[in-house]
*Asks:* 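Attaching a single structure in structure tokens format; questions to follow.
Positions are given from 1 along the sequence.
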Amino acid sequence: MNEPTLRPSGRPAGGAETLPPSWVPLQVIVQVGSDGMTVLSIRGELDIAAERPLRELVGVVISRDTPNALLDLSDVTFCDTSGLQALYLCGEDARALGGTLVLTGLPERMLWLLKISGLGCAFTPVVRASGRSGPPCRPSSDRE
């Protein structure tokens, strides 16, 4: 059996190829820190397939464990507009449950996507991979 050629993101190259059985599009590791903050470490791809399971997990964590959760995105290998929407909806779900969702470990590409889409303003504060914090959003007076 020939193995399909995969892109760096792990997605198959070409339209008709199938994924190898070992391919996992999204993994989430949940840990509770010594400060009581729940950390969800995301590994893999944030796309339309990730939305429902990620939203369900965030809902469970916020309603059961702590009102605040940290979403570590440092191991995200791919994120499209559906992935951005999933992040936004997770934040909305957390707020609806009386909690907050803080993003951390964002690669520069994701920071850029959040900034140009305006969705970065929905997450305050956002902790960048560099350790600086602040929302990746463009103030209304900023014109480029």
*Asks:* Can you list everything that forms a salt bridge (charged side-chain N to carboxylate O under 4.0 Å, His left out) with D93? Sequence neighbours excluded, please.
*Replies:*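 Counting only residues at least two positions away or on another chain, D93 forms a salt bridge (charged side-chain N to carboxylate O under 4.0 Å, His left out) with R55.
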*Asks:* Looking only at non-hydrogen atoms, find the nearest pair between G98 and P67 and report the distance.
*Replies:*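 Between these two residues, the closest heavy atoms are O-CB, 4.0 Å.
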*Asks:* Do the side chains of W112 and L73 join up, straight or via other hydrophobic residues, at under 4.5 Å, putting them in one cluster?
*Replies:*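 Yes.
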*Asks:* Evaluate L114 against L84 for side chain to side chain contact (heavy atoms under 4.5 Å, CB included), listing each step before the verdict.
*Replies:* CA-CA 7 Å; L114 286 168; L84 290 179; 3.7 Å; yes
*Asks:* Could you walk me through whether L119 and L87 pass the side chain to side chain contact (heavy atoms under 4.5 Å, CB included) test, one step at a time?
*Replies:* CA-CA 9 Å; L119 293 178; L87 291 175; over 6 Å; no
*Asks:* In this structure, which one of L106, V102, T104, V28 forms a side chain to side chain contact (heavy atoms under 4.5 Å, CB included) with D72?
*Replies:*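 Among L106, V102, T104, V28, the one meeting side chain to side chain contact (heavy atoms under 4.5 Å, CB included) with D72 is T104.
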*Asks:* Could you check T100 against N68 for side chain to side chain donor-acceptor pair (under 3.5 Å), going step by step and ending with a plain yes or no?
*Replies:* CA-CA 5 Å; T100 59; N68 304 311; 2.5 Å; yes
*Asks:* Run the side chain to side chain contact (heavy atoms under 4.5 Å, CB included) test on V30 and V39 for me, step by step, so that the C-alpha distance in whole Å, both residues' side-chain angles and the decisive distance to 0.1 Å come before the verdict.
*Replies:* CA-CA 6 Å; V30 180; V39 179; over 6 Å; no
*Asks:* Working to the nearest 0.5 angstrom, can you tell me the gap between L46 CG and L26 CG?
*Replies:*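 It comes to 6.0 Å.
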*Asks:* Distance from E45 atom CD to C79 atom SG, nearest 0.5 Å?
*Replies:*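 If we round to the nearest 0.5 Å, E45:CD and C79:SG are 10.0 Å apart.
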*Asks:* Where do S82 and I48 come nearest, in terms of heavy atoms and distance?
*Replies:*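 S82 and I48 have their closest heavy atoms at CB-N, 3.4 Å.
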*Asks:* Side-chain contact test, heavy atoms from C-beta onward, threshold under 4.5 Å: evaluate it for I29 versus R43 and give yes or no.
*Replies:*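 With C-beta onward as the side chain, the pair stays apart.
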*Asks:* How long is the straight-line distance from CG of L103 back to CG of L40, given to the nearest 0.5 Å?
*Replies:*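 So the gap between those two atoms works out to 11.0 Å.
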*Asks:* Answer yes or no: is there a donor N or O on one side and an acceptor on the other, between the side chain of T77 and the main chain of G44, under 3.5 Å?
*Replies:*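 Judged by distance alone, yes, a pair lies under 3.5 Å.
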*Asks:* Nearest 0.5 angstrom please: L70 CG to L101 CG, how far?
*Replies:*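 Result: 8.0 Å between the selected atoms.
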*Asks:* Does R95 have any salt bridge (charged side-chain N to carboxylate O under 4.0 Å, His left out) partners at least two apart in sequence or in another chain, and if so, which?
*Replies:*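 Partners of R95 under the salt bridge (charged side-chain N to carboxylate O under 4.0 Å, His left out) test: E92.
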*Asks:* Return the CD to CG distance between E56 and L54, rounded to the nearest 0.5 Å.
*Replies:*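 Here the interatomic distance stands at 10.0 Å.
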*Asks:* Once you round to the nearest 0.5 Å, how far does OG of S41 lie from CD of Q27?
*Replies:*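 Taking OG in S41 and CD in Q27, the distance rounds to 11.0 Å.
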